[in-house]
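Just so it is clear, the structure is predicted and the values come from calculations on it, not from any experiment.
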Amino acid sequence: MKLIFEKGREGRGSALLPPCDVPIVEVEEKYIRKSDLNIPQVSEPELSRHYTELMKNTFGVNDGFYPLGSCTMKYNPKVNEDMAKLPEFLEVHPLQPEHTVQGCLAVMARSEEYLCEITGMDRMTFQPAAGAHGEYTGLQLIRAYHKKRGDEKRDKILVPDSAHGTNPASAAMAGFTVINVPSTKEGYVDTGELKKVVGEDTAGFMLTNPNTLGLFDEKILEITDMIHRAGGLNYYDGANLNAIMGIARPGDMGFDVVHLNLHKTFSTPHGGGGPGSGPVGCKAILADYLPSPLVCCKEDGTYRLEYNRKDSIGRVKGFYGNFLVVVRALTYLLTLGKEGLKHTSESAVLNANYMMQHLKNIFSVPFPEHCMHEFVLSLEELKKEKGVSALDVAKAMLDYGIHPPTMYFPLIIPEALMVEPTETETKETLDEVIAIYKQIYEEAMNHPETMQDYPQSTVVGRPDEVKAARNPILRYRKKP
């Protein structure tokens with residue numbers, strides 16, 4: 001389809017403005033543009049059709065099965081959107097006096113209370129705009145903690161080889177040296193290898209539990225205790241929290257700081273659907289370092305914003321974070337309640353195990369006994385035998401109207417497909433998807449040459465992904 005810029009023609013428009021009825025102020029020459037603003041001129045029907053066409057070519061969780069492993073692409077209940085659209089939330093200004101936004105501050109205070117209870121933390125900030133942003137913030141808390149104690153030799157962050165890619169990237173951005181910790185053949189942290197690298201220079205250890213293989217590490221208390229005895233802190237990547245809500249808490253596992261993904265676990269819009277939110281919670285030992293301001297409650301029951309916090313790491317985002325995302329997440333929490341959250345995690349684990357058990361006799365499953373919220377398939381044997389890769393299978397899924405799972409991750413599994421069905425999918429949907437997997441596998445075995453032709457029904461087939469990554473075209477340049 002054409003870009004909106006390519007559809008524009010001079011003189012077209014979609015608005016009729018009345019004559020100006022206020023004095024016209026002349027702008028100084030130095031502030032005036034030297035060239036015309038490159039805005040496409042289109043009629044209202046053209047504009048409407050353009051965005052309708054874009055909508056039809058966009059696949060989201062509202063369109064069909066969307067099992068992105070480690071991304072928890074669950075359905076976003078419409079009641080969340082209704083609450084976020086209330087004028088009392090939608091039309092506030094971040095610089096309004098505190099007494100005029102007591103309801104908004106109450107939302108943040110209650111959200112903090114609930115999320116701290118779920119994670120076992122003591123305080124929480126909502127400033128970070130996404131998970132990786134939360135990782136960076138949490139790592140800065142760890143840095144501030146060691147610096148305050150005069151222990152600045154701690155410059156190493158330990159990261160498992162099965163970690164999310166953002167973990168080592170965030171640690172490097174925060175100025176730490178990243179030390180890779182290998183996994184055992186069973187998919188867990190190798191405690192023997194961990195003992196070799198932990199020491200007086202260890203600032204912290206980053207881990208998600210369950211991990212990206214969908215496995216809950218049974219030695220988690222031993223691992224976190226090992227880091228604490230060495231003087232380091234434990235960071236919990238909350239991307240996989242959907243598996244344990246109401247069942248286990250990171251704080252009880254020995255973690256000192258955690259980031260959450262409201263746009264994953266707590267059903268708020270994800271990716272192009274809206275801004276994200278990656279709040280960071282911490283134990284009391286790190287609370288003084290959280291970004292300012294924090295919401296506090298006075299003795300008379302009114303709320304205020306606490307700015308003057310001398311040990312704070314400072315702001316990591318303007319104002320208080322993406323507030324309307326917090327409104328959506330709180331609505332989700334209030335809708336489900338304590339037992340509902342627990343049932344959510346139990347259902348997510350059940351769905352993942354149901355799919356895995358039906359596929360493990362067809363595809364290679366490196367860890368077939370059980371999983372938590374997600375599981376990993378390996379297509380290494382299929383590629384060796386028939387030349388059909390994980391990419392080929394993923395592309396075929398597009399023609400069946402489902403979104404492929406995460407590909408080639410975690411890196412320790414060759415030809416990996418990581419599947420996370422989430423709790424919001426019905427048994428009927430899972431059965432249909434399982435049948436599609438089996439059908440694609442049969443075609444790969446019997447007619448492997450056809451797998452290179454997928455997808456055939458999408459607007460874009462197989463782009464040159466290397467060229468797209470190395471030479472991306474990120475903006476439209478007007479032709480002379």
Side-chain angles (χ1 to χ4, degrees), residues 58-77 80 128-136 160 162-170 206-216 236-245 250 258-279 322 325 328-329 332 344-345 347-353 355-356 371-377 390-391 393-395 397-398 402-413 416-425 429-430 433 437:
T58 301
F59 190 94
V61 75
N62 287 345
D63 297 285
F65 191 59
Y66 207 137
L68 278 185
S70 265
C71 253
T72 316
M73 299 291 283
K74 65 172 68 177
Y75 177 75
N76 306 152
N80 298 359
H133 197 192
E135 292 173 16
Y136 180 82
S162 62
H164 293 115
T166 52
N167 288 181
S170 296
M206 299 184 78
L207 184 70
T208 183
N209 193 36
N211 62 21
T212 56
L213 299 170
L215 305 176
F216 190 95
Y236 185 87
D237 180 335
N240 295 345
L241 190 76
N242 204 52
I244 62 169
M245 291 186 297
V258 54
H259 90 261
L260 303 176
N261 297 89
L262 297 191
H263 51 286
K264 292 184 181 181
T265 313
F266 299 99
S267 80
T268 70
H270 199 136
S277 181
N322 290 324
V325 178
R328 292 175 172 93
Y332 181 73
T344 290
S345 290
S347 299
V349 173
L350 178 63
N351 280 358
N353 278 278
M355 279 196 69
M356 184 183 75
C371 67
M372 295 294 287
H373 62 303
E374 64 190 8
F375 62 95
V376 180
L377 303 174
L391 177 65
V393 171
K395 294 295 186 182
M397 291 180 192
L398 296 174
I402 62 176
H403 198 285
T406 300
M407 300 185 300
Y408 298 108
F409 184 79
L411 299 177
I412 60 175
I413 303 297
L417 291 178
M418 183 163 57
V419 185
E420 182 180 0
T422 79
E423 76 286 352
T424 53
E425 300 298 344
T429 297
L430 298 183
V433 172
Y437 270 78

Taken in chain and number order and not counting sequence neighbours, the residues that satisfy side-chain hydrogen bond (donor to acceptor under 3.5 Å, both in side chains) with N80 are S267

- Query: Is a side-chain donor-acceptor pair under 3.5 Å present for E420 with S70?
  - Reply: no

Applying side chain to side chain contact (heavy atoms under 4.5 Å, CB included) to Y75 and not counting sequence neighbours gives N62, P77, K78, T424

Heavy-atom closest pair (A132 atom, T166 atom, distance to 0.1 Å) is CB-CG2, 4.0 Å

When every non-hydrogen atom of G69 is compared with those of E374, the smallest separation belongs to C-OE1, 3.5 Å

Contacts of F65 meeting side chain to side chain contact (heavy atoms under 4.5 Å, CB included) (sequence neighbours excluded), chain-then-number -> P67, M355, I402, P421, E425, T429, L430, V433

Next item on the list: Using only heavy-atom distances, determine whether the side chains of D237 and H164 contain a donor-acceptor pair under 3.5 Å.
Entry: yes

Residue pair M418 / P410, side-chain heavy-atom distance below 4.5 Å: yes

The side-chain hydrogen bond (donor to acceptor under 3.5 Å, both in side chains) partners of S162 (sequence neighbours excluded) come to none

Across all chains, not counting sequence neighbours, the side-chain hydrogen bond (donor to acceptor under 3.5 Å, both in side chains) partners of S170 are E135

Do L417 and V393 have side chains that approach each other closer than 4.5 Å (heavy atoms only, starting at C-beta)? yes

Taken in chain and number order and not counting sequence neighbours, the residues that satisfy side chain to side chain contact (heavy atoms under 4.5 Å, CB included) with M73 are Y66, L68, C71, H270

Smallest heavy-atom separation, T265 atom then G238 atom, equals OG1-O, 4.0 Å

Contacts of K74 meeting salt bridge (charged side-chain N to carboxylate O under 4.0 Å, His left out) (sequence neighbours excluded), chain-then-number -> E423

Hits for ring pair (Phe, Tyr, Trp, His ring centres under 6.0 Å) against Y236, two or more places apart or cross-chain, chain-then-number order -> F255

Taken in chain and number order and not counting sequence neighbours, the residues that satisfy side-chain hydrogen bond (donor to acceptor under 3.5 Å, both in side chains) with Y437 are none

Across all chains, not counting sequence neighbours, the side chain to side chain contact (heavy atoms under 4.5 Å, CB included) partners of V349 are A243, N353, M372

One should read off an interatomic distance between H263 NE2 and N322 CG, to the nearest 0.5 angstrom, of 10.0 Å

One should read off an interatomic distance between H373 NE2 and N242 CG, to the nearest 0.5 angstrom, of 7.5 Å

By ring pair (Phe, Tyr, Trp, His ring centres under 6.0 Å), Y332 pairs with (sequence neighbours left out) none

